[in-house]
Amino acid sequence: MTDGTLQTIDGRPALRFERRLEHPTERVWRAVSEPDELARWFVAAVGWTPALGETFGAEGQTGEITELQAPHRLAWTWGEERYSFELQPDGDGCLLVFTHVFDTRYGPAAQHAAGWETYLDRLEAHLAGGQLSEERAHDPIAELHERYAALFGDDPGPGRRTIAGMGFRDLTLEEGPVLRLERRYRHTAERVWRALTEPDELAHWFPAEEGPPEVQESEPPRLLAMSWYGDALRFELRPDGDGCVLVFTHAFADRDTAARTAAGWDRCFARLEALFAGQPMDAATALELWPEVHERYAERYGVDPEIGRRAYAEHSST
């Protein structure tokens, strides 16, 4: 479930992604070279023509087109990093190879690789005539990062912190009050259902120290509703392509505790995604990022952060 490999080019670390696309070379060439098309899927706006030797600015850095052989190869620099797209016909489609020679000062290989996977997913959606938002494309990034960190032997800590800081992946607070999370997984509803219901799987991510919830309604693998200390938990699953979408809601009584509760679920879902990656994360590791995640939720929801701070201090002292 990962496309990237880690290589060395001219003594520097490089990521290489290879994907077969169900579109002719000429169509994909437009998508990877024309600014209007790149704007629909790439990581940033690109102000090039492109033309060989052309320089351009992006995100405060200067880049230069170093190779241009339409419709087969486009290479450029951006700051100290190097990138290239290569296209070769393959039946009625084409083979895309994307290479990124990167600087580890801007993040470890696993973090870069997980990010590029999300943008290549956006490219495929664009070529298919659809639009995959940046936010939705990042739904699987935590799982992807865990897979790549294990594959490359990277310390997962820096990437986990970056992903935990992506506010657009947060649970939302709705009237009720109700916390809500909608997330797409690259797994079938049946696979996710097992993680929601089987004790051996729940032990890797559900807040077991709070005690087991009481099941109120169960329609495998579509709906699971539970009562948990007087609160209502609801998990709804629907198929989506070769994966599924999970909608989680938690209805509770005291809005003042929203940030504390959301930060807890945020860390639980980080553990769930590590489980899907085959790299289970223990509760203590997940909770290392709880304080900064909680502060963001408190600010976002407009609640007093002291409630969560006290709860975390009490938990840490036990």
Minimum heavy-atom separation for Ala298 to Pro305, with atom names? CB-CB, 3.8 Å
Less than 4.5 Å apart, side chain to side chain, heavy atoms only: is that true for Val28 and Phe85? no
Going by side chain to side chain donor-acceptor pair (under 3.5 Å), name the pairs with one or both residues in residues 280-291, residues two or more places apart or in two chains. Asp282-Thr285
Give me the atom names and distance for the closest heavy-atom approach of Gln61 to Tyr106. NE2-OH, 4.1 Å
So which atom in Gly167 and which in Arg296 form the shortest heavy-atom distance, rounded to 0.1 Å? CA-NE, 3.7 Å
In short, Met281 meets Ala270 closest at the heavy-atom pair CE-O, 4.0 Å
According to side chain to side chain donor-acceptor pair (under 3.5 Å), does anything in residues 253-265 pair up with another residue at least two apart or in another chain? List the pairs. His250-Trp265
Is Leu202 reachable from Leu275 through a run of I, L, V, M, F, W or Y residues, each pair having side-chain heavy atoms under 4.5 Å apart? yes
Just do the salt bridge (charged side-chain N to carboxylate O under 4.0 Å, His left out) check on Glu273 and Arg160 with the steps written out, would you? CA-CA 11 Å; Glu273 287 152 13; Arg160 288 173 178 168; over 6 Å; no
Distance, nearest 0.5 Å, that separates CG of Asp154 from NE2 of His112: 10.0 Å
Take Arg12 and Asp10 through the test salt bridge (charged side-chain N to carboxylate O under 4.0 Å, His left out) and record every step on the way to the result. CA-CA 6 Å; Arg12 298 178 59 186; Asp10 296 333; over 6 Å; no
Qualifying residue for salt bridge (charged side-chain N to carboxylate O under 4.0 Å, His left out) with Arg186, from Asp242, Asp139, Asp121: Asp121
Could you state the interatomic distance from CD (Gln7) to NE2 (His100), rounded to the nearest 0.5 Å? 13.5 Å
Are any non-hydrogen side-chain atoms of Trp41 and Val32 less than 4.5 angstrom apart? yes
Would a 4.5 Å heavy-atom cut-off, applied to side chains only, mark Thr172 and Arg300 as touching? yes
Criterion side chain to side chain contact (heavy atoms under 4.5 Å, CB included) on Glu182 and Arg184, from CA distance to verdict: CA-CA 7 Å; Glu182 180 172 325; Arg184 186 186 187 281; over 6 Å; no
Derivation of the side chain to side chain contact (heavy atoms under 4.5 Å, CB included) call for Ile141 and Met166: CA-CA 10 Å; Ile141 193 168; Met166 293 178 176; 3.9 Å; yes
Passes ring pair (Phe, Tyr, Trp, His ring centres under 6.0 Å), Phe276 versus His187? Steps please. CA-CA 8 Å; Phe276 286 149; His187 302 277; 4.8 Å; yes
Nearest heavy-atom contact between Arg19 and Asp3 is NE-OD2, 2.5 Å
Run the numbers on Glu314 and Arg310 for salt bridge (charged side-chain N to carboxylate O under 4.0 Å, His left out), then give the verdict. CA-CA 6 Å; Glu314 292 169 3; Arg310 288 195 297 270; 5.8 Å; no
Would Leu15 and Leu6 count as a side chain to side chain contact (heavy atoms under 4.5 Å, CB included) if you check the C-alpha gap in whole Å, the side-chain angles of each, and the deciding distance to 0.1 Å? CA-CA 5 Å; Leu15 291 165; Leu6 181 60; 4.1 Å; yes
Is there a side-chain contact between Arg169 and Phe269, using heavy atoms and a 4.5 Å cut-off? no
Do Trp205 side-chain atoms and Ala195 backbone N/O form a donor-acceptor pair below 3.5 Å? yes
Exactly one candidate in Arg40, Gln131, Glu37 meets side-chain hydrogen bond (donor to acceptor under 3.5 Å, both in side chains) with His126; the answer is Glu37
Is there a side-chain contact between Leu171 and Phe248 (heavy atoms, below 4.5 Å)? yes
Does one hydrophobic cluster hold both Phe98 and Leu87, with members joined at side-chain heavy-atom distances below 4.5 Å? yes
To the nearest 0.5 Å, atom CG of Leu196 lies from atom CG of Leu272 at 7.0 Å
When clusters are formed by joining ILVMFWY residues with side-chain heavy atoms under 4.5 Å apart, either directly or through shared neighbours, do Leu233 and Val245 land in the same one? no
Would you say Trp76 ends up clustered with Leu120 if hydrophobic residues are merged whenever their side chains have heavy atoms under 4.5 Å apart, either directly or through other cluster members? yes
Is any side-chain heavy atom of Leu68 closer than 4.5 Å to a side-chain heavy atom of Trp48? no
Expected output: side-chain Arg267 to main-chain Leu287 donor-acceptor under 3.5 Å: no
Smallest heavy-atom separation, His145 atom then Gly159 atom, equals NE2-CA, 3.4 Å
Going by heavy atoms in the side chains, are Thr49 and Phe56 under 4.5 Å from each other? no
I need the Leu52 CG to Thr66 OG1 distance, nearest 0.5 Å. 8.0 Å
Does anything in residues 150-183 pair up under ring pair (Phe, Tyr, Trp, His ring centres under 6.0 Å), and if so which pairs, sequence neighbours excluded? His138-Phe168, Tyr148-Phe152
Value rounded to 0.5 Å, distance of CG in Leu144 from CH2 in Trp116: 14.5 Å
Test salt bridge (charged side-chain N to carboxylate O under 4.0 Å, His left out) on Arg16 and Glu86 and set out the steps. CA-CA 11 Å; Arg16 184 182 188 275; Glu86 295 182 60; over 6 Å; no
Are Arg194 and Glu201 within salt-bridge range, i.e. N to O under 4.0 Å? no
Do Val215 and Leu246 belong to the same hydrophobic cluster, where Ile, Leu, Val, Met, Phe, Trp and Tyr are linked whenever their side-chain heavy atoms lie under 4.5 Å apart, directly or via other members? yes
Rounded distance [0.5 Å steps], CD in Gln279 versus CZ in Arg147: 8.5 Å
Greater than 12 external heavy atoms within 6.0 Å of Glu34's CD: yes
Test side chain to side chain contact (heavy atoms under 4.5 Å, CB included) on Glu174 and Thr249 and set out the steps. CA-CA 10 Å; Glu174 301 178 348; Thr249 57; 5.6 Å; no
Check for a donor-acceptor pair, side chain of Asp90 on one end and backbone N or O of Leu95 on the other, with a separation under 3.5 Å. no
Are Val303 and Tyr297 side-chain neighbours, meaning at least one heavy-atom pair lies under 4.5 Å? no
